[in-house]
Amino acid sequence: MFLQMVTLLALLAITNADVIPLGLVPQSPQDGRIVGGTTSSIEERPWQVSLQRSGAHYCGGSIISSKIIVTAAHCLDSPTTVSNLRVRAGSNKRTYGGILIQVAAINAHEGYNSETKVNDIGVLRLQSSLTFGSSIKAIAMATVTPSHGSAASISGWGKTSYSGGSSSATLLYADTKIVGRTQCASSTYGYGSYIKATMICAAAANKDACQGDSGGPLVSGGQLVGVVSWGRECALANYPGVFANVAELRDWVLQAQKSV
Ligand code: ARG
């Protein structure tokens, strides 16, 4: 009886711990893939790249010019360095195909805060230029924040489920809908004041970005509107995926790409 009580208490403790802040901590980028996704060719998403640290995929990114990739600031955190970082472009496979290019320089937003995840955006410059073609192309950054309810798609090689699941060998995408910042911070969802000014959300039942998708694109109307940033677990009801809002951070990117 005593043991059963202890077990019950331990279980309650675990469940409770999962309910608040701890559960809101952005997941580490090592493991994830799109949840509820469908296979994508690279020609359908030629701006999508895989960031590879010490030879292994760990984050996504988007091509905005022949030498500049946009990703999440948290993907550039230690242990990421210029020397251990390469980008695979032009392939929907995480381990082969396309072209693998060494990174020459990285720059994470100086206003990025690893606790709150505000300004979770960064750029990197490639050592040599990408040659654009059907499988490698730049995407334009949105100038206006997409409205609540707009169709938006996410893609990446991240986990297909939060618990267990491994990185997807092939690029996956999922169609979601934009959840505006105000709506995302409202009592309709579970995040409240964790949703800050530089963030935008997107959700669909049982579909979400997940670990390993970070840094990758949220695309709406053919433009880059978000960068995969964080979420509570993945595809959890009432907890949309949270993205860096590109329209709000665009000016920073335009400056940063000149100096990186
Ligand atoms: N931070 C994660 C990564 O580094 C991405 C998490 C996105 N989570 C989500 N539920 N949308 O890969």
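Both counts, for ligands and for their atoms, begin at 1 and track the order of listing.
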- Note on the structure: Nearest heavy atom to atom 12 (O) of ligand 1, choosing from Gly60, Gly212, Cys234, Cys201, belongs to Gly212

- Message: Within the 4.0 Å heavy-atom shell around Cys210, which atoms of ligand 1 are there?
- Response: 5 (C), 12 (O)

- Classify the contact between Cys75 and ligand 1 as side chain, backbone, both or neither, using a heavy-atom distance cut-off of under 4.0 Å. neither

- Will you find, in the side chains of Tyr194 and Lys117, an N or O donor that is under 3.5 Å from an N or O acceptor? no

- Note on the structure: Taking only non-hydrogen atoms of His74 and a 4.0 Å limit, the atoms of ligand 1 in range are 1 (N), 3 (C), 4 (O)

- Message: I'd like to check which ligand 1 atoms, numbered from 1 as shown, lie under 4.0 Å from a non-hydrogen atom of Asp213.
- Response: 12 (O)

- Query: Which atoms from ligand 1 have a heavy atom of Ser214 less than 4.0 Å away?
  - Reply: 1 (N), 2 (C), 3 (C), 4 (O), 5 (C), 12 (O)

- Any side-chain donor-acceptor pair under 3.5 Å between Glu248 and Thr198? no

- Apply the ring-ring contact (aromatic ring centres under 6.0 Å, His included) test between Trp230 and each candidate in Phe243, Tyr191, Tyr239; give the one that qualifies. Tyr191

- Message: Suppose I only count heavy atoms of Asp208 and a 4.0 Å limit; which atoms of ligand 1 are within that range?
- Response: 9 (C), 10 (N), 11 (N)

- Item | Distance-only donor-acceptor check, side chains His74 and Ser114, under 3.5 Å | no

- Within the structure, does Gly241 bring an N/O atom to less than 3.5 angstrom of an N/O atom in ligand 1? no

- Query: Do the side-chain N and O atoms of Thr170 and Ser168 include a donor-acceptor pair separated by under 3.5 angstrom?
  - Reply: no

- Criterion side-chain hydrogen bond (donor to acceptor under 3.5 Å, both in side chains) on Ser155 and Gln48, from CA distance to verdict: CA-CA 8 Å; Ser155 49; Gln48 170 90 51; 2.7 Å; yes

- Item | Side chains of Thr80 and Arg53, donor plus acceptor under 3.5 Å | yes

- Close N or O approach (Arg232, ligand 1; < 3.5 Å): no

